[in-house]
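Here it is, the structure in full.
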Protein chains: 2
Amino acid sequence: MRYAVLGTGIVGRTLAAALASLGHEVVIGTRDPEATLARADYAEWRAARPQVRLVALREAADAGETLVNATGGRVSVAALTEAGAAQLTGKVLIDVANPLDFSQGFPPSLDPVNGDSLGELIQRTFPGLRVVKTLNTMNCRIMVDPGRVPGHHHVFLSGEDADAKNSVRVLLHSFGWPQESILDLGGIETARGAEMLLPMWLRLMGALGHTDFNFHIQGT
Amino acid sequence: MRYAVLGTGIVGRTLAAALASLGHEVVIGTRDPEATLARADYAEWRAARPQVRLVALREAADAGETLVNATGGRVSVAALTEAGAAQLTGKVLIDVANPLDFSQGFPPSLDPVNGDSLGELIQRTFPGLRVVKTLNTMNCRIMVDPGRVPGHHHVFLSGEDADAKNSVRVLLHSFGWPQESILDLGGIETARGAEMLLPMWLRLMGALGHTDFNFHIQGT
């Protein structure tokens, strides 16, 4: 499969590395490849993975059969707009982003919240995309290596397209998620619930002093 | 211990019944006892528990050494104001309410959300109260009988007063919560995280088709 990961932060790089190591063809999309390459964190990461090309957002969206939104949640719609609505149409978008608003400091709040979610906003803005919200409720190292956290724990799915969700299930299996750990919440509206776990996640990180934890729903 | 449970809905009645069955002296506080007694659901419940007196909010706050806020989250501050700031001073308030706003239909949204929480709002409005937010993240039958959900799962604590939190731990033990299932998130600000689990709880209820589930944090 050809994946295009949009976003060059730690989440995007972690997902791109995992996809590449599974044998997929991976490109990473960014607004300004030159500026990204000038960043020490990205240059170091890239030196170890020369096969993962860094390209502009539109070229990435063109290249990928499946897209991963790992941009910052507050700029996701702008990044997808730059990628091009025509390029997006018909493709599956795995949306792992959270609409965290750091403008008032730490911990961030959520925007949108309550009557909306980033997952819905993206689906509404790009009706031709097949958005699946998933993996946004945990540290990125756990996304691609669930065994970091011992015992059973969950990854959630929200989206309107059953085939798209099934293709994401296959990917999650390949990351090491067993069938019983994948909990389908329903349509994209349920992304509100998954995104609103983030304020709790942030406070659990504070209370526990680490990020190697995950939500498990007991009683499923 | 003498408990005053504020609120006559299913949550308040479930907690009051559990407290009474543990041998505590329990009163239930309501705005208008006559109106509450005229309700079939309350009258039926009361017939089986004549020892649990129903009184006005101020009399309840006077009688209780420890108070339980089981009122609707949108009216909690009004109910506590009616109970009387002087009556509340120095007492522990176990806040199990959620600020669910049903004005736009189901599922409800949260108000306040993001930069505030009901737990903080109550603590700010009544600085003499020792507020402990807990038990708000599950169905009320699980609050008083955690064994309804098999396996390990969590109940969270948020509050500023360590002694108050310790007294709530003792109560939770008596309901059947083992020590390792009680997760102290920190100060009352962390109630934002616990209250923002509710949108996910509502969507899990929809996906699972029942309410006998609870959050477990794997990796603590």
Side-chain angles (χ1 to χ4, degrees), chain A residues 99-101 104-105 107-117 137-139 142 146-154 156-158 181 183-187 189-220, chain B residues 99-101 103-105 107-117 137-139 142 146 148-154 156-158 181 183-187 189-220:
Chain A
L100 298 176
D101 177 0
Q104 305 300 312
S109 60
L110 289 179
D111 178 27
V113 75
N114 251 339
D116 201 3
S117 62
T137 55
M138 67 196 74
N139 180 273
I142 302 169
R148 285 184 70 90
V149 177
H152 297 293
H153 46 98
H154 279 113
F156 307 103
L157 296 180
S158 304
S181 292
L183 206 163
D184 188 345
L185 295 171
E189 187 271 350
T190 62
R192 292 181 201 180
E195 293 181 10
M196 287 175 86
L197 290 186
L198 263 288
M200 186 61 160
W201 188 92
L202 290 160
R203 282 151 187 94
L204 286 165
M205 178 180 69
L208 300 174
H210 66 84
T211 59
D212 274 336
F213 64 86
N214 193 19
F215 293 98
H216 178 63
I217 309 306
Q218 199 68 271
T220 56
Chain B
L100 298 176
D101 177 0
S103 64
Q104 305 300 311
S109 60
L110 288 179
D111 180 27
V113 74
N114 252 337
D116 202 2
S117 62
T137 55
M138 67 196 74
N139 179 273
I142 302 169
R148 284 184 71 91
V149 177
H152 297 294
H153 46 98
H154 279 114
F156 307 103
L157 295 181
S158 304
S181 292
L183 206 164
D184 188 345
L185 295 171
E189 188 271 351
T190 62
R192 293 181 201 180
E195 293 180 11
M196 288 175 84
L197 290 185
L198 263 287
M200 186 61 160
W201 188 93
L202 289 160
R203 283 153 185 93
L204 286 165
M205 178 180 68
L208 301 174
H210 66 85
T211 59
D212 275 336
F213 64 87
N214 193 19
F215 293 98
H216 178 63
I217 309 306
Q218 200 67 273
T220 55

Charged N to carboxylate O below 4.0 Å: is that the case for A:R192 and A:E189?
yes
Is any side-chain heavy atom of B:T190 less than 4.5 Å from a side-chain heavy atom of A:M200?
no
Would you call A:F215 and A:L197 a side-chain contact if the rule is heavy atoms closer than 4.5 Å?
yes
Is there a side-chain contact between A:M138 and A:T211, using heavy atoms and a 4.5 Å cut-off?
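Sidechains of A:T211 and A:M138: no contact.
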Does B:V113 reach the side chain of B:M196, with side-chain heavy atoms less than 4.5 Å apart?
yes
Contact part of B:L208 toward chain A, heavy-atom cut-off under 4.5 Å: side chain, backbone, both or neither?
side chain
Among A:R148, A:H216, A:E195, single out the residue with the greatest number of heavy-atom pairs under 4.5 Å to chain B.
A:H216
Select one option (side chain, backbone, both, neither) describing which atoms of B:H154 are under 4.5 Å from chain A's heavy atoms.
neither
For each of A:H152, A:H153, A:Q104, tally heavy-atom pairs with chain B at distances under 4.5 Å, and name the one with the top tally.
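Ranked by contacts with chain B, first place is A:H152.
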In the structure I gave you, are the side-chain heavy atoms of B:F213 and B:I142 within less than 4.5 Å of one another anywhere?
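No, too far: nothing below the 4.5 Å cut-off.
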If you count heavy-atom pairs under 4.5 Å between each of A:D111, A:L110, A:D212 and chain B, which one has the most?
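Highest number of heavy-atom pairs under 4.5 Å: A:L110.
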Go through A:P107, A:G151, A:G186 and name the one with the most non-hydrogen pairs under 4.5 angstrom from chain B.
A:G151
By a 4.5 Å heavy-atom criterion (distance strictly below it), what part of B:L183 contacts chain A: side chain, backbone, both, or neither?
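When you check distances to chain A, only side chain atoms of B:L183 fall under 4.5 Å.
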Can you tell which of A:G209, A:S158, A:P150 has the highest number of heavy-atom pairs within less than 4.5 Å of chain B?
A:P150
Picking from A:L202, A:N114, A:V149, which has the most non-hydrogen pairs under 4.5 angstrom with chain B?
A:N114
Residue B:D184 versus chain A: region with a heavy atom under 4.5 Å:
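Contact with chain A: backbone only.
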With a 4.5 Å heavy-atom cut-off, do A:F156 and A:I217 have their side chains touching?
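Contact flag for A:F156/A:I217 side chains = yes.
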